[in-house]
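The sequence lines fix the lettering, A, B, ..., with proteins before strands; numbering per chain opens at 1.
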Amino acid sequence: MTKPVGVLILQGDFREHLQAFERLGISAIPVKRRSELDSVSGLVLPGGESTTIGKLARIFDLFDPISTAIEGGLPVFGTCAGLIMLADEITDGIVGQETFGGLDVVVQRNAFGNQLDSFEVDLPFSGIPNPVHAAFIRAPLITSVGPKARVVASLEDGRVVGVVQNNRLGISFHPEVTGEDRIHSYFYDALVCA
Amino acid sequence: MSEFSKPEVGTPLVKRGLAEMLKGGVIMDVINVEQAKIAEDAGAVAVMALERVPADIRAQGGVSRMSDPDMIDKIIEAVSIPVMAKARIGHFVEAQILESLGVDYIDESEVLSPADYVNHIDKWKFNVPFVCGATNLGEALRRITEGAAMIRSKGEAGTGDVSEAMKHIRTISGEIRALAAKSEDELYVAAKELQAPYQLVHEIARTGKLPVVMFVAGGVATPADAALMMQLGADGVFVGSGIFKSGDPVARAKAIVKATTFYNDPAVLAEVSRGLGEAMVGINVSDLPAPHRLAERGW
């Protein structure tokens with residue numbers, strides 16, 4: 001019996017992630033408590049406000065368990081705020097903002113500006129045939145990629161918006177709000193079940 | 001042939017998408033940089049920048065308008081979370097000004113004095129998304145038809161009395177359930193009765209939910225109030241006067257954020273409700289004479 005995938009539901013668009021897995025026929029459960037974290041085969045960190053998600057994780061004693069689980073090899077997939085939470089280093093965070101870490105990258109918060117600069121676009125994604133449809137909403141950018149991480153998605157001008165490191169995936173955009181399920185499928189097949 | 005498409009801004013998807021990211025969160029009214037920082041530090045998902053919180057608008061009376069751009073600029077500068085600001089109902093020039101300031105969301109709000117008693121703003125003309133108030137499903141659908149990318153049930157702002165917020169979310173949810181139970185041939189009359197476009201009414205009958213995120217506003221003053229609204233199906237809560245008109249805003253802001261996430265865990269709710277000091281004093285909505293009820297502005 002394989003364990004389900006977990007989606008962290010402290011705040012943000014976790015419902016869209018759960019629905020994406022449901023459409024794919026992949027068993028997924030909400031995670032809000034430490035006990036639930038132990039019963040999943042992988043963890044999705046959804047879009048939302050990284051400052052809020054980080055604080056709630058700390059307050060409800062999930063912060064260190066998640067960090068430790070990632071370090072211990074739990075497959076993880078972060079979108080937008082989730083990418084921020086996975087970055088080893090961030091810029092333009094608030095004072096004292098913490099991340100779980102796990103990706104050897106520097107991520108800049110709100111790198112495109114305010115909501116007026118939010119956009120949708122089709123872009124190629126390494127390992128998935130044909131472009132994916134991506135929504136960037138007050139999105140972060142990966143401004144520096146360390147030797148352990150591998151770029152899987154970039155904008156046309158070359159700015160990096162997706163990386164993989166072992167079984168960890170972080171992207172700047174939201175496939176979960178565009179109905180683009182192939183990245184969830186990729187995460188499950190290539191990183192969780194690998 | 002490039003694998004990249006041309007990026008598109010201001011689409012319904014990115015407008016509605018930002019509201020999706022705010023779900024499960026608390027949006028707090030703030031009147032200065034200090035309050036904005038307290039809100040961000042407490043874990044608010046966004047702040048609403050305004051010169052007077054509804055309780056003061058109510059107490060001071062007079063015409064209430066868009067805030068000073070200087071004040072909004074300072075708050076945008078001070079925090080990294082999204083900043084919203086209010087324009088008067090129908091005042092599309094205030095909305096143009098707010099868009100040019102780079103706010104992340106505009107609230108076309110009945111808390112301010114309406115500028116137009118007939119028309120709301122044509123929100124499709126803007127790249128910035130709008131949130132609008134509603135007291136029932138028909139009103140929500142009319143706002144969505146005009147381009148609103150997020151709905152908040154109105155409640156009665158500045159009272160600290162949650163009963164109107166309760167009434168409005170129950171009304172909207174109940175009307176959605178009633179619509180979902182109707183047969184196809186009943187939806188034409190339903191659309192007429194709701195005074196909303198048939199296509200939108202049909203979509204809601206089929207999906208059983210609004211096509212945009214719905215937060216609750218107006219009268220939320222305690223962690224229990226916030227959790228109550230979440231249990232009734234709200235996607236998140238706006239807290240206006242409830243935080244900074246209370247005895248200990250820092251503690252209360254944090255407590256309401258926690259309660260909004262753990263809305264269905266009474267043990268957590270009990271814990272976060274302890275030792276918060278005085279709640280805002282509040283006004284019973286039933287004691288408010290009809291002309292002073294803000295929820296009745298907008299149609």
Against chain B, label [X] side chain, backbone, both or neither, depending on which of its atoms sit under 4.5 Å from a heavy atom there.
X         : answer
Ile59(A)  : side chain
Thr51(A)  : side chain
Leu123(A) : both
Ile53(A)  : neither
Ser154(A) : backbone

When [options] are compared by non-hydrogen pairs under 4.5 Å with chain B, the top option:
options                                   : answer
Pro131(A), Ala134(A), Pro124(A), Ala81(A) : Pro124(A)
Leu116(A), Asn110(A), Leu155(A)           : Leu116(A)
Phe136(A), Phe14(A), Phe60(A)             : Phe60(A)
Arg138(A), His133(A), Lys55(A), Glu49(A)  : Arg138(A)

Could you tell me which of [options] has the largest number of non-hydrogen atom pairs under 4.5 Å with chain A?
options                                 : result
Pro82(B), Pro7(B), Ala42(B)             : Pro82(B)
Val128(B), Asn127(B), Thr11(B)          : Thr11(B)
Lys15(B), Lys254(B), Glu99(B), Arg16(B) : Glu99(B)

Do [X] side-chain atoms and [Y] backbone N/O form a donor-acceptor pair below 3.5 Å?
X         : Y         : value
Asp41(B)  : Ile38(B)  : no
Arg252(B) : Ala221(B) : yes
Lys37(B)  : Ala78(B)  : yes
Ser5(B)   : Asp122(A) : yes
Gln35(B)  : Ile31(B)  : yes
Gln231(B) : Tyr263(B) : yes

Before accepting this row, confirm whether a basic side-chain N of the pair [X]/[Y] lies closer than 4.0 Å to the acidic partner's carboxylate O.
X         : Y         : answer
Glu8(B)   : Lys6(B)   : no
Asp107(B) : Arg152(B) : yes
Arg143(B) : Glu146(B) : yes
Glu16(A)  : Lys23(B)  : yes

Next item on the list: Would you please classify the geometry between the Phe77(A) ring and the His184(A) ring as parallel, tilted or perpendicular, with 30° and 60° separating the classes?
Entry: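 Taking Phe77(A) first and then His184(A), their aromatic rings stand perpendicular (interplane angle over 60°).
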What part of [X] lies closer than 4.5 angstrom to a heavy atom of chain A: side chain, backbone, both or neither?
X         : value
Val26(B)  : neither
Tyr105(B) : neither
Ala46(B)  : neither

Item checked: Whether over 12 other heavy atoms sit under 6.0 Å from Phe215(B) CZ -> yes
Check: Is any residue of residues 32-39 of chain A within less than 4.5 Å of chain B by heavy atoms, and which ones?
Finding: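 So far as heavy atoms go, Lys32(A), Arg33(A) are the residues that approach chain B to under 4.5 Å.
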Side-chain atoms of residues 90-103 of chain A: list all donor-acceptor pairs with protein atoms under 3.5 Å, sequence neighbours left out, distances to 0.1 Å.
{"residue": "Asp92(A)", "atom": "OD2", "partner": "Gln108(A)", "partner atom": "NE2", "Å": "3.1"}
{"residue": "Gln97(A)", "atom": "OE1", "partner": "Ile94(A)", "partner atom": "N", "Å": "3.0"}
{"residue": "Gln97(A)", "atom": "OE1", "partner": "Arg109(A)", "partner atom": "NH1", "Å": "3.4"}
{"residue": "Gln97(A)", "atom": "NE2", "partner": "Ser50(A)", "partner atom": "OG", "Å": "3.0"}
{"residue": "Glu98(A)", "atom": "OE1", "partner": "Arg58(A)", "partner atom": "NE", "Å": "3.1"}
{"residue": "Glu98(A)", "atom": "OE1", "partner": "Arg58(A)", "partner atom": "NH2", "Å": "3.4"}
{"residue": "Glu98(A)", "atom": "OE2", "partner": "Arg58(A)", "partner atom": "NH2", "Å": "2.7"}
{"residue": "Thr99(A)", "atom": "OG1", "partner": "Ala87(A)", "partner atom": "O", "Å": "2.7"}

